[in-house]
Amino acid sequence: MQYWSKTYIPTLRESPAEAEIESHKLLLRAGLVRKIGGGIYAFLPLGKRVLDKVSQICREEMNAAGAIELLMPAVLPAEQWKAGPRWNAVREVMYSVSSAGADAKTSEDPQYVLGPTHEEVITPLIGSEISSYRDLGKTFYQIQTKYRNEIRPRYGLMRAREFIMKDGYSFDESDEKAEETYHQMAAAYEKFFARCGLTFISVEADTGIMGGTFSHEFMVPAEVGDDDIVYCEESGYAANVEKAKSGILMDGLAVEAPEGDLVEFETPGATTISALAKEPYKVAAAKQYKTLLYVGDDKLFAIVIRGCDDLQESKLGSLGYEFVRPATPDEIESVMGAKPGSLGVVNGTIKRRDRLDGVFADDAIRLIGNGVTGANKDGFHVKNVNIERDLDIDSFGDFRQVKPGEPCPKSGKPLKIARAIEVGHIFKLGTKFSESEFWGAKFHGSEKQIKPAVMGCYGIGVSRTVQAVIEQYRDEWGIVWPWSVSPYQVIITVLDPGMEEAADLAEKIGRAAESEGADVLVDDRDERPGVKFKDADLIGIPLRVTIGGRGLKEGIVEVKWRIEGDVRKVAIDRVVEVVTSSIRDKNSS
RNA sequence: CGGGGCGUAGCUUAGCCUGGUAGAGCGCCUGGUUUGGGACCAGGAGGUCGAAGGUUCGAAUCCUUUCGCCCCGACCA
């Protein structure tokens with residue numbers, strides 16, 4: 001039982017200017033966190049309690065799924081990362097640390113880094129321990145502060161430079177077992193987010209720099225989310241837009257026969273899809289082949305998509321390059337022979353085809369027959385272009401971004417798109433890390449051969465989850481905590497704290513509530529009732545018991561749920577029972 | 001890193017354009033009156049106007065530089 005006067009809950013009537021979105025404002029107003037620097041926050045006592053609740057639920061679900069908790073350091077030797085498979089890709093998000101002294105390394109060549117995640121640490125750690133397949137089938141996890149030099153921290157805890165994450169790593173002897181573990185973890189994640197009260201959806205996701213074979217993200221739908229998810233209510237299909245496919249190709253491929261030979265025509269000044277779609281050319285965007293040039297690991301390659309489509313850059317990851325960036329106009333002209341706006345991949349028109357590492361086309365261009373594309377000659381395009389006959393394409397793939405309303409690849413019904421907050425992400429990693437020759441995790445298999453462990457990794461943004469809950473549970477008055485993660489379940493608002501009878505009753509009710517497992521906050525401040533009610537609503541405690549001098553005279557106290565408007569008057573001799581049974585109901589549901 | 005915006009008391013802000021000794025509300029302290037949804041009266045404390053440099057008799061205000069923060073884009077739990 002905590003007394004408000006003894007703890008520290010600095011509520012604010014107005015929102016600090018630094019906060020833009022509601023959940024961030026409430027984090028500050030309810031006295032849960034304070035900003036220390038950009039993307040760096042201190043958890044005040046109330047915020048720490050929520051963090052602990054969420055962490056504890058996470059711990060329980062991880063343990064229930066058979067995972068084992070450990071704790072790794074956050075300060076890590078840079079050497080270990082340099083030996084890993086993704087040093088170049090991750091170093092820009094890592095903070096470097098150098099020890100003081102004459103031989104301290106510069107940030108160009110750091111001696112230590114702060115851990116943004118721990119594959120590079122746990123793989124050699126476990127790898128050096130495990131030598132037999134009999135020791136595999138283990139999943140380790142930790143709940144720890146992570147450091148990422150976010151390019152742009154924002155929205156409070158939503159994207160912070162320092163944040164709390166549950167990260168887990170599984171080691172299995174075979175692909176099948178790894179997949180089983182993956183599904184177990186996915187199930188544990190569902191339980192965890194459900195227990196936090198969140199409405200969420202799990203979606204197929206891009207693996208990004210993590211690599212690996214497949215992955216799912218756990219998304220909380222919210223206007224303020226950073227991600228777009230594509231989903232179909234009919235079939236249950238759901239994917240991050242970075243990964244999502246649509247069923248437009250089910251409509252069929254182009255069947256038009258070539259209408260005639262290729263014809264080059266003059267298009268002075270028309271260097272965009274929309275310019276060609278207008279007079280005098282009138283070529284629909286869906287009939288144009290759009291050619292984009294990218295550089296992957298210093299090699300140029302071309303991507304061809306429909307004029308009406310947008311490239312989804314994440315999908316370029318399937319091409320196997322480590323770094324991908326758009327080519328510069330100079331690079332483009334030197335290889336293609338024309339500036340952007342007149343590019344195409346018609347046979348024989350590319351100036352230096354030998355310098356193109358590849359020409360990749362989106363599957364959807366198969367819907368185009370007798371289309372138009374650039375002639376690789378500034379101010380000229382070509383018409384009657386047909387894929388089989390005319391285009392110099394190495395391979396096809398899925399590179400376009402899905403648009404809302406397109407058919408679901410499973411049901412054919414229109415796809416929807418929504419913003420969401422990513423609160424969890426699980427990956428089946430495979431052997432990307434474990435097969436490292438420097439520090440992999442290899443073991444003796446049952447058939448005497450040495451094999452790398454098949455890994456998975458599983459992340460939950462714990463501090464982000466706290467904010468996602470607020471984003472989902474709030475009203476015009478403040479936070480409306482779900483029972484499970486509320487910093488306190490019961491608040492006893494004592495309107496006349498100086499009155500001995502009131503104070504005694506508060507203690508009696510509080511003790512009874514605690515004995516049922518609830519956390520109790522007693523507002524014993526010498527404040528006016530209005531202030532106390534406003535604060536109780538703001539910090540969002542689910543169950544409020546109000547003890548006032550007026551009620552005591554009538555022999556009653558009031559019981560009110562935060563989510564409801566109704567106040568229940570309860571006789572003093574029944575209040576303990578009412579409160580304890582309410583708590584029992586909540587705890588058992 | 002590109003584009004935009006903002007830095008004035010613990011919080012919200014006025015003043016800046018058109019230079020002339022910094023103002024309010026909330027919060028805080030003291031006293032009093034109050035006491036069921038952010039009370040009222042009286043008194044009080046609290047500001048190197050983000051920092052540095054410049055222009056000027058004089059700079060919160062004009063100029064330059066710099067730092068910090070927020071928002072939009074690419075990145076992520």
Side-chain angles (χ1 to χ4, degrees), chain A residues 10-21 24-25 28-29 31 34-40 58 89-90 92-94 116-118 143-168 189 205-210 215 217-220 224-227 240 242 313-314 324-326 421-427 457-468 477-478 493-499 525-538 544 546-554 557-558 560 565 567 569:
Chain A
T11 58
L12 299 173
R13 187 190 297 220
E14 291 176 284
S15 305
E18 71 195 55
E20 184 77 7
I21 65 169
H24 187 192
K25 288 178 183 172
L28 293 164
R29 289 225 293 137
R34 286 293 183 264
K35 185 176 71 181
I36 302 299
I40 304 174
C58 183
V90 290
E92 66 181 25
V93 306
M94 288 200 288
T117 173
H118 279 65
I143 296 173
Q144 189 210 31
T145 303
K146 294 285 187 280
Y147 300 86
R148 288 188 195 175
N149 186 14
E150 286 294 336
I151 302 162
R152 184 153 92 84
R154 66 168 163 173
Y155 294 160
L157 304 179
M158 209 72 104
R159 195 191 308 178
R161 292 197 159 101
E162 182 187 292
F163 60 97
I164 298 181
M165 178 164 136
K166 187 288 299 180
D167 49 323
Y189 270 46
D206 187 63
T207 52
I209 58 167
M210 198 66 86
S215 114
E217 287 167 329
F218 292 79
M219 296 292 205
V220 173
V224 298
D226 277 346
D227 289 270
N240 192 305
E242 293 179 345
E313 283 193 22
S314 307
V324 171
R325 63 166 172 87
I421 302 165
E422 179 188 354
V423 286
H425 200 160
I426 60 178
F427 300 81
C457 72
Y458 316 93
I460 287 175
V462 175
S463 43
R464 180 182 282 182
T465 296
V466 169
Q467 190 167 348
W477 306 111
T493 302
V494 185
L495 297 183
D496 304 281
M499 194 184 284
R525 293 174 301 166
D526 184 19
E527 287 287 354
R528 296 175 59 81
V531 174
K532 297 188 168 200
F533 292 143
K534 290 285 186 199
D535 273 347
D537 288 347
L538 177 60
R544 188 180 84 199
T546 306
I547 302 172
R550 184 188 295 176
L552 290 181
K553 278 192 198 117
E554 297 171 35
V557 299
E558 290 165 13
K560 178 184 178 298
V567 174
K569 294 192 177 187

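In what follows, chains are A, B, ... by sequence order, proteins preceding strands, each numbered from 1.
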May I ask which nucleotide in the shown strands pairs with B/rG46, Watson-Crick or G-U wobble, both distances under 3.5 Å? none
Using the P atoms only, state how far B/rA24 lies from B/rU33, rounded to an integer number of Å. 27 Å
In whole angstroms, the gap separating C1' of B/rG73 from CD of A/E313 amounts to 12 Å
pair_partner(B/rA14), Watson-Crick or wobble, both distances < 3.5 Å, evaluates to none
Can you name the side chain to side chain contact (heavy atoms under 4.5 Å, CB included) partners of A/P153, sequence neighbours left out? A/E150, A/R161
According to the Watson-Crick and G-U wobble definitions, with both distances under 3.5 Å, which nucleotide is paired to B/rA9? none
So what's B/rU64 paired with, Watson-Crick or G-U wobble, going by both distances under 3.5 Å? B/rA52
Looking at A/R159, does any N or O in its side chain come under 4.0 Å of the phosphate oxygens OP1/OP2 on B/rC71? no
Report the C-alpha distance between A/E92 and A/N149 in whole Å, list the side-chain angles of each, state the deciding distance to 0.1 Å, and finish with yes or no for side-chain contact (heavy atoms from CB on, under 4.5 Å). CA-CA 7 Å; A/E92 66 181 25; A/N149 186 14; over 6 Å; no
Under 4.0 angstrom, heavy atoms only, what part of the nucleic acid is A/D167 near: base, sugar-phosphate, or nothing? nothing
Is there a Watson-Crick or G-U wobble partner for B/rG27 with both distances under 3.5 Å, and if so, which one is it? none
Just checking A/D535: base, sugar-phosphate only, or nothing, at a heavy-atom cut-off of under 4.0 Å? base
Between C1' of B/rG37 and NZ of A/K532, the distance in whole Å: 13 Å
Output yes if the stacking criterion (under 5.5 Å between centres, under 30° between planes) is met for A/F163 over the base of B/rA77, else no. yes
Between A/R464 and B/rC76, does any side-chain N or O lie under 4.0 Å from OP1 or OP2? no
Check for a donor-acceptor pair, side chain of A/Y189 on one end and backbone N or O of A/G459 on the other, with a separation under 3.5 Å. yes
Would you check, one step at a time, whether the test side-chain contact (heavy atoms from CB on, under 4.5 Å) holds for A/T493 with A/I547? CA-CA 6 Å; A/T493 302; A/I547 302 172; over 6 Å; no
For A/A17, which contact category applies under a 4.0 Å heavy-atom criterion: base, sugar-phosphate, or nothing? sugar-phosphate
Quote, to the nearest angstrom, the P distance that separates B/rG68 from B/rG31. 44 Å
Could you walk me through whether A/H24 and A/L157 pass the side-chain contact (heavy atoms from CB on, under 4.5 Å) check? CA-CA 8 Å; A/H24 187 192; A/L157 304 179; over 6 Å; no
Is B/rG73 paired to anything, Watson-Crick or G-U wobble with both distances less than 3.5 Å, and if yes, which nucleotide? B/rC1
Using a 4.0 Å heavy-atom cut-off across all strands, classify A/G424 as base, sugar-phosphate, or nothing. sugar-phosphate
Round to a whole Å and report the spacing from CG of A/L495 to P of B/rU35. 13 Å
Give every pair of a protein N or O atom and an N or O atom of nucleotides 67-69 of chain B that lie under 3.5 Å apart, one pair per line with the distance.
residue: B/rC69; atom: OP1; partner: A/G38; partner atom: N; Å: 2.8
residue: B/rC69; atom: O3'; partner: A/K35; partner atom: NZ; Å: 3.0

Determine the Euclidean distance between corresponding P atoms of B/rA42 and B/rU55; express it in Å to zero decimal places. 48 Å
Could you check whether A/S15 gets within reach of a base, just the sugar-phosphate, or nothing at all, counting any heavy atom under 4.0 Å? sugar-phosphate
Holding to salt bridge (charged side-chain N to carboxylate O under 4.0 Å, His left out), I want the full list of residues that pass it with A/R464, two or more places apart in sequence or in another chain. none
Rounded to whole angstroms, how far apart are CD on A/E92 and C1' on B/rA74? 10 Å
Distance, nearest 0.5 Å, that separates CG of A/D206 from OG of A/S215: 7.5 Å
Assign a letter to each nucleotide of nucleotides 39-45 of chain B from its 5' end: B, base within under 4.0 Å of a protein heavy atom; S, sugar-phosphate only; -, no contact. B------
For A/I164 and for A/R525, locate the closest nucleotide of RNA chain B by heavy-atom distance; then report the residue assigned to the nucleotide nearer the 5' terminus. A/R525
First of A/D496 and A/E217 reached from the 5' end of RNA chain B, by closest nucleotide: A/D496
Of all residues at least two apart in sequence or in a different chain, which pass the side chain to side chain contact (heavy atoms under 4.5 Å, CB included) check with A/K146? A/H118, A/Q142, A/Q144, A/F163, A/M165, A/D167
Tell me the interatomic distance from A/R154, atom CZ, to B/rC70, atom P, rounded to whole angstroms. 12 Å
When both hydrogen-bonding distances must be under 3.5 Å and the geometry is Watson-Crick or G-U wobble, what is B/rC57 paired with, if anything? B/rG20
Okay, side chain of A/E162, backbone of A/I40: is any donor-acceptor separation there less than 3.5 Å? no
Donor-acceptor pair between A/T11 and A/R13 side chains, under 3.5 angstrom: no
From CD of A/Q144 across to C1' of B/rA77 the rounded distance in Å is 13 Å
Is any side-chain nitrogen or oxygen of A/Y155 closer than 4.0 Å to OP1 or OP2 of B/rC72? yes
My understanding is that only residues two or more places apart in sequence, or in another chain, count here; which of them pass side chain to side chain contact (heavy atoms under 4.5 Å, CB included) with A/E554? A/R550, A/I556, A/K569
Would you measure the distance from the P atom in B/rA22 across to the matching atom in B/rG47 and give it in whole Å? 13 Å
Could you work out the separation of B/rC26 and B/rC40 based on their C1' atoms and round it to a whole Å? 15 Å
Integer-rounded Å distance: B/rU13 P and A/E14 CD: 8 Å
Which part of the nucleic acid, if any, lies within reach of A/A160 when heavy atoms closer than 4.0 Å are counted: base, sugar-phosphate only, or nothing? base
Suppose you measure atom C1' in B/rG15 against the same atom in B/rU61; what distance do you get, rounded to whole Å? 9 Å
Side chain of A/R148 (C-beta onward), nearest among B/rC76, B/rG38, B/rG37: B/rC76
Validation row: A/R159, A/D226 side chains within 4.5 angstrom (heavy atoms): yes
It should be established whether A/R152 places a side-chain nitrogen or oxygen under 4.0 Å from OP1 or OP2 of nucleotide B/rC72. yes
Nucleotide paired to B/rG37 in any strand shown, Watson-Crick or G-U, under 3.5 Å: none
Presence of donor-acceptor pair under 3.5 Å, side chain of A/R544 and base of B/rG37: yes
Between B/rA52 and B/rA45 - C1' atom distance, rounded Å: 31 Å
B/rA77 P sits how many Å from A/E150 CD, rounded? 9 Å
Step-by-step side-chain contact (heavy atoms from CB on, under 4.5 Å) determination, A/F533 to A/L495: CA-CA 10 Å; A/F533 292 143; A/L495 297 183; 4.0 Å; yes
In whole angstrom, give me the gap between the P atoms of B/rG25 and B/rA39. 16 Å
